[in-house]
Amino acid sequence: MSDFTHIIDSPAQLSAAAERMRQTLMATDLTANTVLDVLANWATALGSPETAEIPGVAFLRLWLRRTTLESIITRELGSRALHAAWIEDGRGRLKAFPIGVVGHWPAGNIEIQPLLSLTCACLGGNASLVRIPSALVNPTRRLMQKLDEADPQRVLAGRVFMAVFDHARLDLQDAMARAVDGAMIWGGKEAVLNVRALPFPHWARLVVFGPRVSVAAVDADTWCDKHERKSWCRRLARDVWQFDQQACSSPQVLFLESRPGISTAEFLQDLKYAFEAESRLHPRQTIHPALTSAICQARASWLLADTANRAIFPATPDWTLLVGRGSAIPKPTQGRTLTVLEVDDLWHPISRFDGNVQALGLAMSNPEQEARLASEAARRGVDRIVKLGRMHLFASPWDGLDLIRPMVRMVRQVPSTE
Amino acid sequence: MEALGERIDRLLAGPPYRTPPEERSRALLDILKDELANACARHPGLHNYVHAWPCDFQCAGRIADLPYLPAAMLKAQPPLSLVDPGAITRTLTSSSTTGQQPSRIALDSPTARRMTRGVVAVAQDFIGSGRRPYLVVDVPDSIRGQQELGARGAAIQGLHPFATEVTYCLNQGPNGELTLEQERLFEFVRTRSHSAVLVYGFTYILWKYLVTPLLAQGITLDLPEIHILHSGGWKRLQDEAVAKPAFNAAVAQVFGCAPDRVIDFYGLVEHVGIIYPDCPLGNKHVPAFGDVIIRDPLTLQPVAAGEQGIVQVCSVLPTSFPGHLLLTEDIASLVANDGCPCGRRGVAFRRIARVPMAELRGCGNIDNRRAP
């Protein structure tokens, strides 16, 4: 039984691991089809009680399904890429080759993110050197144990190395960067800037995801529909709850189109019930005191700042609705704190978006209006416009980028006989 | 009905640590409800906040159910005040780290008077009531502000009622650096050896500018009847790996007294008027005119004895600013709800650390936006 995770103490351990994996890459070709078989087995194994309760595992299992990943490969690399076949391209032919060893720097707040990042590189035939944030060591170890069980032929064993070391060990960060041919970097501003500044080889390809925020918007017809709005409220609550609102795809603010003469009180009551229900279903097991402090401060500063502002919250820090008017995205608090801002027209906030907004979750009753807003949001830098309740669906493209293609080389051969 | 001020004064006049907890809680709860109602009537923002609270404070059966304000809200500019601007006689400011706003505490005369009485009532339970020479390990400029007074100045001035005379033993150089005025210190000691003396300094200043240089020179001052009070937190000493027992032993060695004469106290500018000195067992206690609730960060409910949480401080003393029920950014452990062997009744707790800076995490962390 192998263990993918390794406690690292010296730069030499990282360069040696990368070198071993590079030799494996040279020695054997790996088709996407083979990787898909392993990942499908892994999805099945993750259903066991030891891992089923890890946040995000239900989603990871869906992501690892052959049908999900096959469609992404086909869209990004073409259908023949599944079997590592050449594609005819005019007078020549094209085939995707791995770039080599890909370094992964996942964010420290999402348990399954190291694995999502890892699978993108694996599908391109690459080897992966993954730095595991300290908070994720335990869940990652458990999840990788299931990969070990699901891969008796050890297809991925020589191609994955999970490295555990303190983020402050600059010598190890440097060594990891020097050892890779590409990197997938995820996380907050400071983390991204620090990693991007590491001494990567000049040929290394870097793909950076984050940091960004996401926004929800609901038109008046939708929230005024008493039969439909409860369902929309449940969808919004689910989007807020997943990843404890720390993901770039988490909605931080809901823009609510107002309707003259109709109060939003009943909608807010339904939203409150949806938040209470989600809290009962997925109670918080732990919280950092700093987040509790931030939540309490957000409630107080919102209500002190303007007597027209309202707020709905329980005595616990479990969730918070900050209610007011305005078109600007407020500074996120996270921790299931949703700011609900009434606007006369959804065009007003959306036309003020900038490149910070990753996803726009919409609940609209008018398709033409939805298409108009989606186009404006896209012009303003939004990369994903999705139905409310599906804001976290990790799919290609993400942040406007393909997930597999950036980590492969499209090699073109033109025969000399041509 | 007895006026609010008279009810507060009555609590201040009694012994600070003898009231049974239930009796004290009943008295405090009634006053705090009236103070909250008063604050709501005077500040529309507070009214908005208090009325958004999940339960009506007038129906609360315990202090823990009353709406509390994060202490950081007192960083507002202009300060959150419950009195007319003309009634404010002084504004206290907290120390703040670079780039952060300090808290600004608006005091009117009645509040300032109660603050002084509060500190005296607490301190005399630990050091006795007599007046004595007062040595301040700081520079005189610390209390020079007329309209505004910083945290160090407020702490220094809070102990003035115990002083027959005040001597400052540090100097400030042209670049702001502090140095020990050894001759002034030795002169102070020469004429007061074997008499009662009070010393106060910020913990780190006391350590760095008095204890460390005198220890290095092997000097011991002969002041066995001294009480040394210090406050201001341990973070910088922890950074230098100085633990409390070693600190107490070193301070006692320099002053020539027993280590139990060195008393650390916890206090906040936002909670001025109540200080929390260590009892001989190392616990902090709550006087009759205040309370401390340690809240579980997960539920915000009070923790059980032996558990840690975020500190909420309660005080009936302020009427010029909303400092009655403040959720601090400190972590403490609740030692007991009553029954400390030192004999002081009510909550016994120990401060652990500051809550780390609240920061956004993960890929949803954007703390600045593209310039327009």
Side-chain angles (χ1 to χ4, degrees), chain A residues 107-110 113 186-192 209-214 243-250 252 284-297 299-318 329 331-334 354-356 358, chain B residues 43-55 60 64-76 80 294-301 308-312 322 326-332 352-372:
Chain A
N109 58 319
I110 296 172
Q113 198 179 51
W186 311 74
K189 187 184 87 171
E190 193 182 340
V192 164
F209 298 96
R212 301 175 86 187
V213 291
S214 291
F243 309 119
D244 209 21
Q245 214 186 9
Q246 289 177 4
C248 46
S249 45
S250 300
Q252 305 292 340
R284 225 187 225 127
Q285 302 299 322
T286 178
I287 190 171
H288 194 289
L291 182 55
T292 305
S293 222
I295 291 166
C296 292
Q297 286 180 31
R299 293 170 175 176
S301 59
W302 182 256
L303 290 160
L304 288 173
D306 188 339
T307 53
N309 287 347
R310 289 166 291 148
I312 305 169
F313 52 85
T316 65
D318 288 346
I329 299 172
K331 185 177 176 185
T333 302
Q334 300 181 339
D354 58 21
N356 275 315
Q358 186 222 55
Chain B
H43 196 289
L46 282 168
H47 180 275
N48 197 33
Y49 178 61
V50 167
H51 283 82
W53 205 254
C55 54
D65 292 332
L66 296 175
Y68 46 85
L69 197 64
M73 293 303 104
L74 296 175
K75 292 176 178 174
L80 284 182
I294 315 286
R295 292 189 181 271
D296 182 344
L298 186 62
T299 63
L300 284 169
Q301 291 303 302
Q308 293 186 12
I310 304 175
V311 179
Q312 181 195 330
L326 294 177
L327 188 70
T328 72
E329 293 179 11
D330 289 313
I331 302 280
I352 307 288
R354 293 277 291 173
V355 173
M357 284 268 286
E359 59 185 30
L360 297 175
R361 295 186 63 227
C363 53
N365 152 15
I366 56 159
D367 59 357
N368 62 350
R369 301 176 60 77
R370 183 175 293 167

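Numbered from 1 within each chain, the chains take letters A, B, ... in sequence-line order.
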When you measure from the side chain of B/N48 to the backbone of A/N309, do you find a donor-acceptor pair of N or O atoms at a distance under 3.5 Å?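 Here the side-chain-to-backbone pair exists.
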Of the backbone (N, CA, C, O) and the side chain (C-beta and beyond), which part of B/L46 lies under 4.5 Å from a heavy atom of chain A, both, or neither?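 Looking at B/L46, backbone and side chain both touch chain A.
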Interchain contact, B/L327 with chain A, by part (heavy-atom threshold 4.5 Å): side chain
Just so I understand: if I count every heavy-atom pair under 4.5 Å between each of B/A71, B/P67, B/G45 and chain A, which residue has the most? B/G45
Considering only heavy atoms, which portion of [X] lies under 4.5 Å from any heavy atom of chain B: side chain, backbone, both, or neither?
X      : value
A/Q358 : neither
A/P314 : backbone
A/D318 : side chain

Please round to the nearest 0.5 Å and tell me the distance separating atom [atom1] of [X] and atom [atom2] of [Y].
X      : Y      : atom1 : atom2 : answer
B/H47  : A/T307 : NE2   : OG1   : 10.5 Å
B/L69  : A/Q297 : CG    : CD    : 10.0 Å
B/E329 : A/C296 : CD    : SG    : 10.5 Å
B/R295 : A/S293 : CZ    : OG    : 12.5 Å

Mind checking whether [X] and [Y] have side chains closer than 4.5 Å, heavy atoms only?
X      : Y      : value
B/W53  : A/F313 : yes
B/V50  : A/L303 : no
A/H288 : B/P297 : no
A/T316 : B/L300 : no

Between A/P289, A/S301, A/A305, the one whose heavy-atom pairs under 4.5 Å with chain B are most numerous: A/P289
Are B/D296 and A/T292 close enough, and set up right, to give a side-chain contact (heavy atoms from CB on, under 4.5 Å), and what steps lead you there? CA-CA 9 Å; B/D296 182 344; A/T292 305; over 6 Å; no
Any idea which heavy atoms bring A/L304 and B/H43 closest together, and the distance?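 Smallest heavy-atom distance, with atoms named: CD2-CE1, 4.5 Å.
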